[in-house]
Amino acid sequence: MICIKKVNKYYGKTKVLKGVDMEIRDGEIFGIIGHSGAGKSTLLRCINGLEDYKEGSILVNNKEIRTLNEKQLREMRKELGMIFQHFSLLERKTVFENIALPLECFKYSKEDINKRVLELLDLVGIKDKKDIKPRNLSGGQKQRVAIARALALNPKVLLCDEATSALDPNTTKSILALLKDINKKLGITIVMVTHQMEVIKQICTKVAIMEGGEVLEIGETEEIFLHNTKALRKLIGEDNIVLPQGTNIKILFPKGTSNESLITKMARDLDIDFSIVFGKLEKFRDDILGSLIINVSNKSGESVKRYLDNKGIIWEEIVND
Ligand SMILES: Nc1ncnc2c1ncn2[C@@H]1O[C@H](COP(=O)(O)OP(=O)(O)OP(=O)(O)O)[C@@H](O)[C@H]1O
Ligand SMILES: [Mg+2]
């Protein structure tokens, strides 16, 4: 468990983290999204002790990162694997040697290293690349080596800083599938720092939206996307599309619901007309979620709301920002 409370961080006089609160539970795939300069990498580096923070608290497995000495920090980092956008592999070493590095650092025996590296190569699906140098690998394969190296010491948490930002869409998908698989198989908590919405939609169970050093919103990914919250709209620069007259009602179709005929049935039951303003279906992890905005006259608005309530349908009225 990573518990972040009221963290402030300054570079000189500039405040780059402003009262950051966040709780990342064991086993979660937690996304942190925001534009460039939002403070995402800084926050990640505070979590693993690469950066200091002056105010607030960051507890990783109940240990306050700021108070650890060098030796304790070294031990703590065993539990926190990290991967980056540009892989950070050593070009002079082979794939095997790159993955073996952390194990050598902690003085594992040759036999143990051999066994562990082979296991890891298998896990990330690049067994055949064992003796190759990084320059002869594709971006996706390089990231697989980096993931294997980050997992070498059996960390409890994997911190990913823009891990897929340098990859093409298909390779991104395959790396995300690998991370999801690792989360499921090994129960490792994954923190994904990204500016790619697709990353959040494909694998994150929870998401924090950051801007200018602040957390604008935290919640279940599905909830935030389904409700198309203000913070999310701000992030993607999209306004709610609504008609200026009448009542605009957004009807949500969470996973497992099939309400295709709801709207037409409601129109018949209530004997009203409506227009469809906006509708979309989106894929999240393994589910499809949908939402539909309809516009009815102000006179019919109240009866529509009552009707939806009686049917247990989730809705919200959309008003212009
Ligand atoms: N070592 C540093 N010294 C001074 N300022 C820094 C330093 N590192 C980062 N900053 C500043 O802190 C702010 C947050 O930077 P950070 O790298 O955490 O953002 P980010 O959200 O990771 O952005 P990106 O998406 O571009 O990676 C920025 O304004 C940046 O200029
Ligand atoms: Mg960054």
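In each ligand, atom 1 is the first atom listed, and ligand 1 is the first ligand listed. The model shown is predicted, which means the values in this text are computed figures rather than measured ones.
Interatomic distance, CG of Asp168 versus NZ of Lys173, reported as 10.5 Å (0.5 Å rounding). In this structure, CG in Leu232 is found 12.0 Å from NE2 in His227, a value given to the nearest 0.5 Å.
Judged by the 6.0 Å distance and 45° axis criteria, Lys13 is not positioned over the aromatic ring of Tyr10.
Residue pairs satisfying the salt bridge (Lys or Arg N to Asp or Glu O under 4.0 Å) criterion with at least one member in residues 123-138, sequence neighbours excluded, are listed as follows: Asp122-Lys127.
Sorted by chain then number, the residues whose non-hydrogen atoms approach ligand 1 to under 4.0 Å are Tyr11, Val16, His35, Ser36, Gly37, Ala38, Gly39, Lys40, Ser41, Thr42, Glu162.
Between Glu75 and Arg77 there is no salt bridge, since no side-chain N of the basic residue sits under 4.0 Å from a carboxylate O of the acidic one. In summary, Glu220 and Lys206 do not engage in a salt bridge, as defined by a charged side-chain N under 4.0 Å from a carboxylate O. A salt bridge is absent between Glu217 and Lys230; no separation between the charged side-chain nitrogens and carboxylate oxygens falls under 4.0 Å.
Scanning both residues, Phe274 and Ala267, for their nearest heavy atoms gives CE2-CB, 3.7 Å.
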For residues 182-189, run the donor-acceptor check on the side chains, cut-off 3.5 Å, and write out each pair with its distance to 0.1 Å, sequence neighbours left out.
unit_1 : atom_1 : unit_2 : atom_2 : d
Asn183 : ND2    : Gly27  : O      : 3.0
Asn183 : ND2    : Ile188 : O      : 2.9
Lys185 : NZ     : Asp181 : OD2    : 3.3
Thr189 : OG1    : Gly27  : N      : 2.9

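Around the Mg ion (ligand 2), the protein contributes the following N, O or S atoms under 2.8 Å, ordered by chain and number: Ser41 OG.
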